[in-house]
Amino acid sequence: MASIITENLKFFSLFFKSKDVMIFNGLVALGTVGSQELFSVVAFHCPCSPGRNYMYGLAAIGVPALVLFLIGIMLNNHTWNLVAECQKRALKNCSTPATFLLFGSILGRALVAPVTWSVISLLRGEAYVCARSEFLNPTAFLDFPSEYGPDSMARFSCPDTPKELIPFKDEVIRRLKYESQFLGWILIAVIASAAFLLKCLQHCCTPLSFHQEDYWKQYRYAEKDLFNRTAEVHAKVLAANNVKQFFGFVALDKDEKDIVSQYPVDEAQTSPQWQEITGVYLYRENKGFPLYSRLHKWAKKVIGNGMDPDGREMALLAV
């Protein structure tokens, strides 16, 4: 029984590692849905005034989406790799298609949260009803009182609707929510179609086989995990050595003493070494052998872009 549980845990671990981007995007979308629900309950209050309704409704949809988009850009490691690449190498080693796919990878990841916010806002319809209510044509409703104009129409999304207009309130809100939800479903269809086409384009343009691309993903994940854990130990040991040199001793617990004695560290890596492994990386081959990362390239002592005459490149994987 224990062996079956262990095997199942291993399977789920490998599955989630292989689907980390999909799961991350799903978690971002779920978090955005929760934030939108909280915003609707706590912060959304239509001003019920001509001119202000429209601006407020647009702001309620657009401003949070913009903020989420900028946060997505900032939290994406590829963004800062791209900044480092532009600063040090000016993307001179990147072809136009690869650069396009690189920007697409960054923007695609950053768009998950704002698109989710916009879709949920449209499907709920509250912001759209607030923004569009003042532009409704009163003559479109049968027996609508002629003395009421845009000022009154703007109050349909509010509790204090004039008594004479209450019989029309359900119909007005139903029409506006229909428009809002229709736009929401159209946006979903457009985004889903674009994602499908871009995924097909990526697989059609890649020079790698499916198995090699899957291996590349596994390598990048393993390298990143090992690099981060090793960097943490290296930094701790180096800090312990420097503190000991300054004070003459260093206060370590038993586990830290074992780490310091097991992994001796003399000096930190030089800045040129850090520069070599930092930045955008495209798939390279050197004399027929693949180079899966900048660290891999540095370890093989490859100078320049590492491309032989028949070399191939592709945009970095979203890992």
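Just so it is clear, the values below take in all heavy atoms, side chains as well, and ignore hydrogens, waters and symmetry mates. For this chain, numbers begin at 1 and follow the sequence in order.
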Taking [X] for the side chain and [Y] for the main chain, is one N or O donor matched with an acceptor at less than 3.5 Å?
{"X": "Asn286", "Y": "Leu291", "result": "no"}
{"X": "Thr230", "Y": "Phe227", "result": "no"}
{"X": "Gln181", "Y": "Gly125", "result": "no"}
{"X": "Tyr56", "Y": "Cys48", "result": "no"}
{"X": "Ser180", "Y": "Leu176", "result": "no"}

So if you build clusters from Ile, Leu, Val, Met, Phe, Trp, Tyr with side-chain heavy-atom gaps below 4.5 Å, do [X] and [Y] land together?
{"X": "Leu252", "Y": "Phe249", "answer": "yes"}
{"X": "Phe196", "Y": "Leu187", "answer": "no"}
{"X": "Val233", "Y": "Val265", "answer": "yes"}
{"X": "Trp80", "Y": "Leu75", "answer": "yes"}
{"X": "Ile173", "Y": "Tyr54", "answer": "no"}

For the student: nearest non-hydrogen atoms of [X] and [Y], plus distance:
{"X": "Val237", "Y": "Tyr263", "answer": "CG1-O, 3.3 Å"}
{"X": "Cys130", "Y": "Asn53", "answer": "O-CB, 3.0 Å"}
{"X": "Gly51", "Y": "Met55", "answer": "O-CG, 3.5 Å"}
{"X": "Ala131", "Y": "Leu58", "answer": "CB-N, 4.5 Å"}
{"X": "Ser293", "Y": "Glu223", "answer": "OG-OE2, 2.6 Å"}
{"X": "Ser105", "Y": "His78", "answer": "OG-CD2, 4.0 Å"}

Once rounded to the nearest 0.5 Å, what's the spacing between atom [atom1] of [X] and atom [atom2] of [Y]?
{"X": "Leu295", "Y": "Gln273", "atom1": "CG", "atom2": "CD", "value": "10.5 Å"}
{"X": "Leu68", "Y": "Ile73", "atom1": "CG", "atom2": "CD1", "value": "12.0 Å"}
{"X": "Lys177", "Y": "Arg124", "atom1": "NZ", "atom2": "CZ", "value": "8.0 Å"}
{"X": "Asn76", "Y": "Ile71", "atom1": "CG", "atom2": "CD1", "value": "13.5 Å"}
{"X": "Phe182", "Y": "Leu123", "atom1": "CZ", "atom2": "CG", "value": "12.5 Å"}
{"X": "His296", "Y": "Arg220", "atom1": "NE2", "atom2": "CZ", "value": "12.5 Å"}

What residues form a ring pair (Phe, Tyr, Trp, His ring centres under 6.0 Å) with Tyr215, not counting sequence neighbours?
Tyr292
side-chain hydrogen bond (donor to acceptor under 3.5 Å, both in side chains) filter on Arg52, not counting sequence neighbours, yields none
Close side-chain approach of Val115 and Phe69, heavy atoms under 4.5 Å:
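Heavy-atom side-chain distance check fails, nothing below 4.5 Å.
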Check: Tyr221 and Lys217 side chains under 4.5 Å, non-hydrogen atoms
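The answer is no, as the side chains (C-beta and beyond) never meet within the 4.5 Å cut-off.
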Does Phe135, at its CZ atom, have more than 12 non-hydrogen atoms belonging to other residues, nucleotides or ligands within less than 6.0 Å?
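More than 12 within 6.0 Å, yes.
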Verify whether one side chain among Glu179 and Tyr128 offers a donor that lies under 3.5 Å from an acceptor in the other.
yes
Please determine, by modelled atom types, if Glu232 and Asn228 share a side-chain donor-acceptor pair under 3.5 angstrom.
no
Quick one: do Gln245 and Asn241 satisfy side-chain hydrogen bond (donor to acceptor under 3.5 Å, both in side chains)? Show the steps, please.
CA-CA 6 Å; Gln245 186 173 356; Asn241 292 342; over 6 Å; no
Does the structure place the NZ or CZ of Lys300 under 6.0 Å from the centre of the six-membered ring of Trp298, at an angle of no more than 45° from the ring's axis?
no
